[in-house]
Peer 1: 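This is the structure, below, for whatever I ask next.
The structure displayed is predicted, hence computed values, not measured ones.
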Amino acid sequence: MRASLIAISAGTQHNLALMADGTVVAWGWNDVGQTNVPAGLSNVIAIAAGGMHSLALKSDGTVVGWGYGNDGQCTPPSDLTNAMAIAAGWRHSVALRNDGMVVSWGDDSDGQGTAPALLTNVKLLAAGGNHTLAAVFSPLVQYPVDVSKDLLLIYNTNSADSIFVKDYYLAHRPMVSGANVLGLNCTTNPVIPNGDFTNQLLTPVLNWLAANPTKRPQYMVMFLGVPARLENMTDLGSASYLLRQSMPGFQPFITHIHMGDTNACRAYIDKLQNFGTNYSPGQLIISASKGGYANTNLLFDNVVDYSYTNNPGNVLKMSNAVVSIQAMNLTNLSVAYVQGVDPTIMGPPLPPHITNAMNVAGYVSWGYHSSLGSGYATNNTVRWEGDSGWWLIETYESENGVGNPNSGDYLDWFSSNAFGGTNYVNTPIGAVGHVQEPTLSNVNDAARFFGLWGLGKRFPIAAWESRLTIYFQAVGDPFVTR
């Protein structure tokens, strides 16, 4: 019995099929050997049928060609390595390397094999009769996701909690069982010395990429137990920012599932499973609103301590964001906005904050830098009701990713009783924060963050595309949308 079929390709008068066991089947016109699959060809992950020739991409990043080759279209350049995609035209062939560069061979009489100058960061490739197309990567485009190529899960082998969360995610988060997994032999301290970051985190990821040349995961998840902060990060940024900037030829969207302890992480994953089952069954990308969940209200609480009004731009930062979002005319979303000045950070709020709301889709406030204080998420000061289990949060608090007791803490946001809920029912589905003081001017761009979320972008796209500081971290699942 043959293995399952996983891909097909049609040439001018011949056909190719890729089987799940990595072998290739060919049939059709065979006047020049285009269906004569080379003996022993195995470990194939992609195929392409051209005019009268055939191509196969192997898991080691090499390309094999057969059939009509008078123009050299069946003979890849001897130095072609680390290919991750292929395409075949009439008499020419092209490959996409894992550094985003395009390589071509064969007929170039019409310029079909001459890539434009400075063409880099290519994401998708296609070949026609006598022409070639390349799509340059855009961080705002939501490309189809194959978790076996596009998702890398990173955990700490020295942490039983990290292993547990990784295993629980693979077992319970819908549609990710085929994801790539990398275990790090690293410190369990949430703060990692700069040199150890290179040796214990960056180098293992680079080694994994070198060993998997046909994979460049656009999404990476760092689990509980993997350090998120560098010991001296002044010029380097957060661990996820530095890792992202250090990748060869691409910048993955990196998020964290490290909600403080295994109970909070498990509850977060259970929420993914519940919403996936009930609102996006059978889908990797989980959207609550598309399934009828009424998360319809964006909340902007611009009531701030009087000391911050010395610079009028501080108050304008949020009010301008609201104007920008309202101009987007986002479908099925409304904006609630309050603005005012607290007389003292310790006194009663004048005017009132947004402390009660229904059907929350997003929330931003000044948190500790207002009369809300630092415990607003867990002391019943701010409470949600209705469909408020699927929303994003950011606050204008500098150190909300550090665990600073004098500031709101993202760990509180993911607590069991957060925002008036019980059993984690009102925790956010995504959060952005900082692992070091970024200064107010570098706090996340709220208009872009919530605007992209309202437009249906995935959480990490909305998060990273609204980032203004190198001390940034995004907490949540990579494949959730509003």
Peer 1: Could you tell me whether the side chain of R173 and the main chain of L284 form a donor-acceptor pair under 3.5 Å?
Peer 2: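 It does hold such a pair.
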Peer 1: For a quick check under 3.5 Å, do K149 and T214 share a side-chain donor-acceptor pair by atom type?
Peer 2: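 Their side chains do not contain a donor-acceptor pair, so the 3.5 Å distance test is not met.
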Peer 1: Would you tell me whether D31 and Q34 have side-chain atoms, one donor and one acceptor, within less than 3.5 Å of each other?
Peer 2: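 Yes - a donor-acceptor pair under 3.5 Å links their side chains.
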Peer 1: Would you say the ring centers of F450 and F300 fall short of 6.0 Å from each other?
Peer 2: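 Aromatic pair counts; centres sit under 6.0 Å.
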Peer 1: Mind telling me whether F253 and Y219 have parallel, tilted or perpendicular rings, with 30° and 60° as the class edges?
Peer 2: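 Answer is tilted, since the angle falls between 30° and 60°.
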Peer 1: Checking the side chain of S388 only, and the main-chain atoms of N426 only, is there a donor and an acceptor separated by less than 3.5 Å?
Peer 2: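 No: the side chain of S388 does not pair with the backbone of N426.
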Peer 1: How long is the span from the CG atom in L184 to the CD atom in Q200, to the nearest 0.5 Å?
Peer 2: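 Here the interatomic distance stands at 8.5 Å.
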Peer 1: For residues 191-199, dump all side-chain donor-acceptor pairs below 3.5 Å to protein atoms at least two apart in sequence or in another chain.
Peer 2:
from : atom 1 : to   : atom 2 : distance (Å)
N194 : OD1    : N232 : N      : 3.0
N194 : ND2    : N232 : O      : 2.7
N199 : ND2    : G195 : O      : 3.3

Peer 1: Would you call D60 and K58 a salt bridge, taking side-chain N to carboxylate O under 4.0 Å as the test?
Peer 2: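 Looking at K58 together with D60, the answer is no, because their closest N to O distance does not fall below 4.0 Å.
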Peer 1: So, taking the atom named CD in Q436 and the one named CG in L236, what distance separates them when rounded to the nearest 0.5 Å?
Peer 2: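 Here the interatomic distance stands at 10.0 Å.
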Peer 1: Quick check on the 6.0 Å ring-centre criterion: do Y279 and W390 meet it?
Peer 2: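 Ring centroids of Y279 and W390 are no less than 6.0 Å from each other.
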Peer 1: Given the ring of Y143, does K123 sit roughly above its face, with NZ or CZ under 6.0 Å from the centre of the six-membered ring and within 45° of the axis?
Peer 2: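 Here K123 passes the 6.0 Å and 45° test against Y143.
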Peer 1: Anything under 30° is parallel, anything over 60° is perpendicular, the rest tilted; go ahead and classify F414 against Y410.
Peer 2: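 Rings of F414 and Y410: perpendicular, over 60°.
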Peer 1: Out of the candidates V141, L124, T120, L119, only one should pair with V136 under the side-chain contact (heavy atoms from CB on, under 4.5 Å) rule; please name it.
Peer 2: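 With V136 as partner, V141, L124, T120, L119 yield a single side-chain contact (heavy atoms from CB on, under 4.5 Å), made by L119.
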Peer 1: By salt bridge (charged side-chain N to carboxylate O under 4.0 Å, His left out), which residues pair with D107, not counting sequence neighbours?
Peer 2: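 Once residues adjacent in sequence are excluded, the partners of D107 under the salt bridge (charged side-chain N to carboxylate O under 4.0 Å, His left out) criterion are R91.
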Peer 1: Under the 3.5 angstrom rule, does the side chain of N274 hit a backbone N or O of D270 as a donor-acceptor pair?
Peer 2: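 Answer holds: no.
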Peer 1: Against W391, only a single residue in W453, F419, W413 fulfils ring pair (Phe, Tyr, Trp, His ring centres under 6.0 Å); can you say which?
Peer 2: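 Running ring pair (Phe, Tyr, Trp, His ring centres under 6.0 Å) over W453, F419, W413 with W391 returns exactly one hit, F419.
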Peer 1: Hey, is the main chain of M101 close enough, under 3.5 Å, to the side chain of D99 for a donor-acceptor pair?
Peer 2: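 Flag set: sc D99 to bb M101 pair under 3.5 Å.
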Peer 1: Output yes when a side-chain donor or acceptor of N444 lies under 3.5 Å from a complementary backbone atom of G433, and no otherwise.
Peer 2: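 A pair under 3.5 Å: no.
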Peer 1: Could you tell me whether the side chain of M19 reaches within less than 4.5 Å of the side chain of L5, counting heavy atoms only?
Peer 2: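 Counting from C-beta outward, L5 and M19 do come under 4.5 Å.
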Peer 1: Run the ring-centre check on F275 versus Y293 and record whether the distance is less than 6.0 Å.
Peer 2: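 Between Y293 and F275, which both carry aromatic rings, the centre distance is below 6.0 Å.
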Peer 1: Donor-acceptor check, side chain of S280 to backbone of S287, threshold 3.5 angstrom: yes or no?
Peer 2: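 Yes; at least one donor-acceptor contact below 3.5 Å.
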Peer 1: Check whether W464 forms a cation-pi arrangement with R244 (NZ or CZ under 6.0 Å from the six-membered ring centre, at most 45° off the ring normal).
Peer 2: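 Cation-pi check for R244 and W464: passes.
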Peer 1: Could you tell me if K166 sits above the aromatic ring of F223, with its cationic atom closer than 6.0 Å to the ring centre and no more than 45 degrees from the axis?
Peer 2: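 K166 over F223 ring: no.
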